[in-house]
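Note sheet for the following structure.
Chain letters run A, B, ... following the sequence lines, proteins first and then strands; every chain starts at 1. A quick note: this is a predicted structure, and the numbers were derived from the prediction, not measured.
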There are 2 protein chains.
Amino acid sequence: MYGMNSITSRQQEILEFIKQRRNEGQPPSAREIAEHFGFRSPGTVADHIAALRRKGLLKNSFGQARSAEAVSPFPLQRRPLVDIPLYGVIPAGFARDQVQEAQGCISVDVETLGIRPTARTFALEIRGDSMIGRHILNGDFAILEHGVTPCSGDVVAALIDQESTLKTYVLQKGKSYLRAENPKYPKLIPANELVVQGVMVGLIRKMKHE
Amino acid sequence: MYGMNSITSRQQEILEFIKQRRNEGQPPSAREIAEHFGFRSPGTVADHIAALRRKGLLKNSFGQARSAEAVSPFPLQRRPLVDIPLYGVIPAGFARDQVQEAQGCISVDVETLGIRPTARTFALEIRGDSMIGRHILNGDFAILEHGVTPCSGDVVAALIDQESTLKTYVLQKGKSYLRAENPKYPKLIPANELVVQGVMVGLIRKMKHE
DNA sequence: ATTCATGCCGTACATATGTACGGTTACCAA
DNA sequence: TTGGTAACCGTACATATGTACGGCATGAAT
C-alpha cells in the first residue's frame with residue numbers, strides 16, 4: 001500500500017480547482033472538472049471526488065448539482081459572511097431599503113470581527129486624523145453598528161455639520177460628550193442633540209503598498 | 001401599467017432568499033425556492049426569475065444548475081475571497097502543503113485589502129505593543145505576504161528567538177535593521193541573518209465589545 | 001370593458017448532472 | 001505472483017433542474 005492517507009498531487013489539483021471555482025461563483029459540475037483537466041469521462045471525476053471524500057477533504061450532498069465543497073484545510077474554512085455596505089458620508093436617515101448610496105461593499109467573515117449579522121452594520125472610510133489617539137488612521141475603514149446605545153469610551157460615528165465624524169463617546173456626570181483623540185482637536189462637544197449613527201466594532205486597514 | 005420598473009415585495013423576498021443562500025453556500029435551485037415559499041410549481045419560480053432578470057436584478061446562465069446570482073445592489077456584490085490562514089506563531093519553514101498549523105481562517109474580499117490572491121498570504125495575531133508607534137495594537141490581526149522583498153519602512157514579521165515578531169524594516173547605509181516602534185523597545189536589530197517571514201499588507205482589528 | 005403585469009398552479013419536456021459498473025494501465029508492496 | 005490503489009476511459013442510467021406552455025385570479029391603468 002502507498003499513499004493511503006496522504007493526498008496525491010492530482011487530487012490536490014482537483015481540490016484546488018474546486019475551491020477556486022467556489023470562490024469565483026459556482027462550484028464546478030463533474031463534467032466541467034473533466035473538461036478542465038482534459039478527462040474524457042465524468043466517471044474519472046467521480047473517482048477523484050470519492051477519493052477526496054474518503055480522505056475527508058471534500059464534502060458534497062448526494063445527487064445534488066454543484067454541491068462540491070472543500071472541507072477546511074483549517075478547522076473552519078468557509079464561514080458565514082457579512083456584506084457590509086460602505087458609505088462615504090452617512091446619510092441623515094436610515095431608510096431600511098435604500099442602499100443606493102452605498103459606495104462599495106466589504107465582505108468579511110462574521111467570526112473574524114465578532115459581529116452578529118445585524119444587517120445594521122456598515123462601513124465608513126476614515127477621513128482625517130482626529131482619532132489617531134485611538135490608533136485609527138486616515139484611510140482606515142471603520143466597521144460600525146447602527147442602533148446600539150454606546151457606552152462611555154466607545155468610538156462612535158456622529159453627524160456633525162452634514163458630515164459624519166468619528167469620535168469617542170464620553171459619559172461624564174450624567175452628561176454625554178464627544179471627544180476627538182488628537183491634541184490638535186481639543187474640543188469637547190455636547191452630544192445631547194447629536195445623532196449617533198453607529199458604534200464602532202471593528203477596523204480594517206489597507207497598507208499602501210505599490 | 002404599474003410597478004413596471006420597481007421591484008415588488010414578493011420579488012424582493014425571492015431576491016433576498018437567493019442572495020442569502022449564495023452566501024451560505026450554494027445558490028438555491030428553482031424547486032428549493034418553491035419549497036421555501038410554499039409554491040407548488042417550479043414555473044412560479046421561473047416567472048419570478050424572469051421578472052428579476054427583466055429588471056436587471058438577477059443574472060443567471062441559461063440551463064445551468066444553481067446559477068442564480070444577484071446583480072449588485074452595490075457595484076460589485078460578491079467578489080473573490082481570499083482565505084487567509086491564521087497562525088499564532090509562524091513556523092520556521094514554509095512547507096507549501098502543510099497548512100495544518102493554521103489556527104483559524106480569515107476571509108476577506110480581495111478588493112478590500114487590495115491583495116492579489118497570492119496564496120502566500122497569511123495572518124498573524126499581534127502580541128505585545130512593540131508596534132504601537134505604527135498604530136498596531138495588541139490583539140490586532142496583521143495580514144502579511146510571504147516571499148516579497150521588503151522596502152525600507154515596511155512592517156515585516158521576522159523570526160526572533162523562535163518567536164515571530166512584527167518590526168519595521170529599515171535599510172540604512174546598505175545595512176538592514178529591524179526597529180520596534182515603541183520607546184520601550186529601543187533596540188535596533190541587524191537583519192542580516194534574520195529570516196523575514198512576510199511583509200505586512202493589511203490589518204484587521206476587532207474591538208472588544210461585550 | 002379592455003389590456004396588461006403580477007402571482008400563482010400543473011404538466012410536460014429537454015438537458016444538466018451525479019452516479020454506477022466494467023474495463024484498462026501502471027505502480028508499489030507483501 | 002498476487003493484491004491493492006491510483007488514474008483513467010466508455011457507456012449507461014436515474015434524477016436534479018431549468019424551461020416552456022396553458023390556465024386562472026387579482027388589481028391597476030387606459
- Item | Test salt bridge (charged side-chain N to carboxylate O under 4.0 Å, His left out) applied to A:R54 - qualifying residues, sequence neighbours left out | none
- What are the two closest non-hydrogen atoms of A:V196 and A:P150, and how far apart are they? CG1-CG, 4.5 Å
- Classify the angle between the aromatic ring planes of A:H36 and A:F17 as parallel (below 30°), tilted (30 to 60°) or perpendicular (above 60°). parallel
- Task: Can you tell me the distance, in whole Å, between the CD atom of A:E35 and the P atom of C:dG18?
- Result: 14 Å
- Message: What is the separation between atom CD on A:E13 and atom C1' on D:dC8, rounded to the nearest whole Å?
- Response: 14 Å
- Measure the distance from CZ on A:R31 to C1' on D:dC8 and round it to the nearest whole Å. 16 Å
- Message: Test of understanding: with salt bridge (charged side-chain N to carboxylate O under 4.0 Å, His left out), list the residues that count as partners of A:E35, not counting sequence neighbours.
- Response: none
Can you give me the N/O atom pairs linking the protein to nucleotides 7-11 of chain C at distances under 3.5 Å, or say none if there are none?
residue : atom : partner : partner atom : Å
C:dG7   : OP1  : B:T8    : OG1          : 2.9
C:dG7   : OP2  : B:T8    : OG1          : 3.1
C:dG7   : OP2  : B:Q11   : NE2          : 3.0
C:dC8   : OP1  : B:R10   : NE           : 3.3
C:dC8   : OP1  : B:R10   : NH2          : 3.3
C:dC8   : OP2  : B:R10   : NE           : 3.2
C:dC8   : OP2  : B:H48   : NE2          : 3.4
C:dC8   : N4   : B:D47   : OD2          : 2.7
C:dC9   : OP1  : B:R40   : N            : 2.9
C:dC9   : OP2  : B:R40   : N            : 3.0
C:dC9   : OP2  : B:T44   : OG1          : 3.1
C:dG10  : N7   : B:S41   : OG           : 2.8

- When rounded to whole Å, the CD1 to C1' distance for the pair B:I49 and C:dT6 reads 15 Å
- Query: By side-chain hydrogen bond (donor to acceptor under 3.5 Å, both in side chains), which residues pair with B:R31, not counting sequence neighbours?
  - Reply: none
- Message: Without decimals, in angstroms, what is the distance between A:L15 CG and D:dA6 P?
- Response: 15 Å
- Message: Strictly below 4.0 Å: does B:R54 bring a side-chain N or O up to OP1 or OP2 of C:dT6?
- Response: yes
- Note on the structure: To the nearest angstrom, the CD1-C1' distance between A:I33 and C:dT17 comes to 11 Å
- Verify, without hydrogens or angle tests, whether A:R205 (side chain) and B:R205 (backbone) share a donor-acceptor contact under 3.5 angstrom. no
- Side-chain heavy atoms of A:L166 within contact of A:V156, under 4.5 Å: no
- Got B:M200 and B:D154 here, is their nearest side-chain heavy-atom distance under 4.5 Å? no
- Once you build an axis from the first five pairs and another from the last five of the helix from C:dA1-D:dT30 to C:dA30-D:dT1, how far apart in angle are they, to 10 degrees? 20°
- Message: Output the rounded distance in Å from CZ (A:F37) to P (D:dC9).
- Response: 13 Å
- Distance in angstrom units between B:E32 CD and D:dG18 P, rounded: 8 Å
- Item | For B:A30, all residues meeting side-chain contact (heavy atoms from CB on, under 4.5 Å), sequence neighbours excluded | B:V45
